[in-house]
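To start, the structure itself, in structure tokens.
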Amino acid sequence: MDPRLEEAVRRARSGDPRAFRRLADLLGPEIIRYLTCFLHGDVHAAHDVAQDVFVQAWHALDHIESAAHLRRWCFRVARCRAITWLRKRGPPGHPMESLDVVRDDDTYPDFPATELPTTSPVAPGLESSLRRALRLLPARYAAPLTLHYVQGCTTRETAELLGLRRTTVKMRLHRAREFLRREIQRDPSFVAHHANHRSRRSCS
């Protein structure tokens, strides 16, 4: 656990509002990355929900035992709030514009642009198909997928953050990958790109 977060939690529990702001600065980017994927790429909604999560965290500080406890608590509350938002608001209104960067808006003006780590470059013709598939990914799969592949959490950590069994997390990660594979393969832009690629190879 980040010692800066440990210190911020300790000071915030003693009533220091500046320490809580520091706490939000440290936890905010990963919470927003998580919510952005959970909410199908709607960055604005992710900031709105994250703001609500930190309001709830401020009121719950007396019951928070440690920084690790707070982090798990915030992710679980974020998941519940995101599900509620999806039920109330319906389809997302702000589609994902980039897979590489999630930028903040006026909700958290001090947050820097946050890069999303990638394990390998996206193949030509695949990015738009992947973007579309991620928007269609059900929330129950988006949550573990984001924590494991974007946040870099282990399956055990992902299970702890979501309050799930590790076997359940592994199953949902497998189903998420299969869902994305199917959606990408049926996407018209992906099909057209590979048809053109095969055509060029046959002519060479």
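Note that this is a predicted model, so its numbers are computed, not measured.
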Rounded distance (nearest 0.5 Å) linking atom [atom1] of [X] with atom [atom2] of [Y]:
{"X": "E30", "Y": "R71", "atom1": "CD", "atom2": "CZ", "value": "4.0 Å"}
{"X": "L137", "Y": "F38", "atom1": "CG", "atom2": "CZ", "value": "10.0 Å"}
{"X": "C74", "Y": "R81", "atom1": "SG", "atom2": "CZ", "value": "11.0 Å"}
{"X": "S66", "Y": "R13", "atom1": "OG", "atom2": "CZ", "value": "9.0 Å"}
{"X": "L35", "Y": "D42", "atom1": "CG", "atom2": "CG", "value": "10.5 Å"}
{"X": "R79", "Y": "T146", "atom1": "CZ", "atom2": "OG1", "value": "12.0 Å"}

For a quick test of reading the model, state the closest non-hydrogen atom pair linking [X] to [Y] and the distance between them.
{"X": "T36", "Y": "A46", "answer": "OG1-CB, 3.4 Å"}
{"X": "P29", "Y": "A24", "answer": "CD-O, 4.4 Å"}
{"X": "A82", "Y": "V49", "answer": "N-CG1, 4.1 Å"}
{"X": "I31", "Y": "A78", "answer": "CG2-CB, 4.4 Å"}

Would you say [X] and [Y] make side-chain contact, with heavy atoms under 4.5 Å?
{"X": "L70", "Y": "L23", "value": "yes"}
{"X": "R22", "Y": "R4", "value": "yes"}
{"X": "L39", "Y": "W85", "value": "yes"}
{"X": "L61", "Y": "F20", "value": "yes"}
{"X": "H47", "Y": "I32", "value": "yes"}
{"X": "L27", "Y": "F54", "value": "yes"}
{"X": "R76", "Y": "C80", "value": "no"}

Point to revise | Any donor-acceptor N/O pair, E157 side chain to T154 backbone, under 3.5 Å | key: yes
Check your understanding: Any sub-3.5 Å donor-acceptor pair from H69's side-chain atoms to I64's backbone N or O?
Key -> no
Practice item. Answer with yes or no whether the side chains of Y149 and R177 bring together a donor and an acceptor at under 3.5 Å. Key: yes
Review point. Going through the checks in order, is the side chain to side chain contact (heavy atoms under 4.5 Å, CB included) test met by Q56 and W73?
Key: CA-CA 10 Å; Q56 296 299 315; W73 186 94; 3.6 Å; yes
Review point. Would R175 and E178 pass as an ion pair if we require N to O under 4.0 Å?
Key: no
Review point. Residues two or more places apart in sequence or in another chain: which of them pass ring pair (Phe, Tyr, Trp, His ring centres under 6.0 Å) with F75?
Key: Y34
Would you be so kind as to tabulate the donor-acceptor pairs closer than 3.5 Å made by side chains of residues 160-172, with sequence neighbours excluded?
unit_1, atom_1, unit_2, atom_2, d
R166, NE, T155, OG1, 2.9
R166, NH2, T155, OG1, 3.4

